[in-house]
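So that the names make sense, note that chain A is the first sequence line, chain B the second, and so on, each numbered from 1.
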There are 2 protein chains.
Amino acid sequence: MDIDSAAAAEPACTELLTPGAARGGPVSHALSRVARLHRIAAGRLLKDLGLYPGQEHLMMHLWDSGAVRQADLIKAMDLDPSTVTKMLQRLEQTGYVRRRPDPDDRRAVLVEATDGSCSLLTDVRSAWASLEEHTLAGLDPAERAELARLLGKVEGNLCQETAGCPGTL
Amino acid sequence: MDIDSAAAAEPACTELLTPGAARGGPVSHALSRVARLHRIAAGRLLKDLGLYPGQEHLMMHLWDSGAVRQADLIKAMDLDPSTVTKMLQRLEQTGYVRRRPDPDDRRAVLVEATDGSCSLLTDVRSAWASLEEHTLAGLDPAERAELARLLGKVEGNLCQETAGCPGTL
DNA sequence: GCCCATTACTTGGCCGGCCAAGGTAAAGTT
DNA sequence: AACTTTACCTTGGCCGGCCAAGTAATGGGC
């Protein structure tokens, strides 16, 4: 076997491994995978609306709150300021969002959904409803509630020490 | 009130909203938030090791499997090929990964963890263990199992029609 | 042997997300 | 009033992730 010459290519730390065992916490793994799949699913539903996953969160918040100071938006969504800035720049360019300086505070910016964006509202809502249903298919109400409850607890855990959790509002 | 002149700045679609109601499925929302927090928590633990969140998945797989064809790696992780290419380029540059052409197939590339990366193994594993514990703090074993089970079901749901699920292997 | 479909990977572009650093304006101190 | 701190936002850089398009090699049909 001349492939034997490639013996130097062995895993190298196989000896250190109990077989098949770098894999860490099962829930963490599952969470990552599920989150990614969920995001992809959201993306598929959203792309027809001209939105990218993540933007719908922001829009929902704007539809709910009307004109808001950008700082409040950032706090409410608990995102990095720079992230929000860029998202808003793109959403503004596509015409779903309008920004104007806050007359009362020349540092601040007021953000609001444009009239044009309102046509999206229904679609986004139904997309999310469909996503929710797709996600939870085959789970009975009790299981759904339990999942929501457990996710809530986990969120609480991860929020602690991570600082700046929106729930702290 | 001169702010009245800004009346045109109203939410614009408030009328269309049952109050406070663009918000979609509660589980989907929770899932997004939890996933983000989880990723951030992972990032904090990983940055000390010189890894970015996501890379540890790849490394774990490599540690488990030894030298692998990149195509298999892609299939196993169920990621976009281009994503894996870039991650590998970065990991190669930081010295955690080695790539060489597959002698049996000149299109293919064999990937493996370097010896140097082996020192990470322990740390990554403990980081994930700690992450898992942090994530699940306050959940008793039954709840943990239930969460894992429910996430599994959800993953199954989201996999269907999304094609190319690793579980299908 | 030739041609075409398939497979394997790369490149470039874009988005969400983070951090770090910068600039401007408001608020607090002295 | 002048100075310092704090708040608000932007810019630039980087990473994971996706898609679309492109190159190169393999393999199947004829």
Peer 1: Given atom CG of B:D80 and atom C1' of D:dA20, what is their separation to the nearest angstrom?
Peer 2: 10 Å
Peer 1: Over how many whole Å does the gap from A:D72 atom CG to D:dC8 atom C1' extend?
Peer 2: 11 Å
Peer 1: Would you say A:R99 places a side-chain N or O within less than 4.0 Å of OP1 or OP2 belonging to D:dT10?
Peer 2: yes
Peer 1: Can you check whether A:W128 and A:H57 have ring centres sitting under 6.0 Å from each other?
Peer 2: yes
Peer 1: Please tell me if the side chains of A:L73 and A:L79 come closer than 4.5 Å, counting only heavy atoms from C-beta onward.
Peer 2: no
Peer 1: Just by modelled atom types, is the B:A137 backbone N or O under 3.5 Å from a matching donor or acceptor in the A:N157 side chain?
Peer 2: yes
Peer 1: Say you draw a straight line from CG of B:L131 to CZ of B:R44; how long is it, rounded to the nearest 0.5 Å?
Peer 2: 12.0 Å
Peer 1: Quick test of your reading of the model: are B:E132 and B:R144 salt-bridged, counting only N-O distances below 4.0 Å?
Peer 2: no
Peer 1: Between B:R107 and A:H57, who's closer to the 5' end of DNA chain C by nearest nucleotide?
Peer 2: B:R107
Peer 1: Tell me whether the OP1 or OP2 atom of D:dA24 has a side-chain N or O from B:R106 closer than 4.0 Å.
Peer 2: no
Peer 1: Would you mind telling me which residue lines up with the more 5' stretch of DNA chain D, B:S82 or A:L88, judged by nearest nucleotide?
Peer 2: A:L88
Peer 1: Have a look at A:D105 and say if it touches a base, only the backbone sugar-phosphate, or nothing, with a 4.0 Å heavy-atom cut-off.
Peer 2: sugar-phosphate
Peer 1: When you compare the side chain of A:E112 with that of A:R99, does any pair of heavy atoms fall below 4.5 Å?
Peer 2: no
Peer 1: Rounding to a whole Å, what distance do you find between A:L79:CG and D:dC8:C1'?
Peer 2: 16 Å
Peer 1: Given that B:R90 and A:K86 both sit by DNA chain D, which one's nearest nucleotide is further toward the 5' end?
Peer 2: A:K86
Peer 1: Which is the 5'-most and which the 3'-most nucleotide of DNA chain C that has an atom under 4.0 Å from a heavy atom of chain B?
Peer 2: C:dT7 to C:dC18
Peer 1: Base, sugar-phosphate or nothing for A:I74? Non-hydrogen atoms, less than 4.0 Å.
Peer 2: nothing
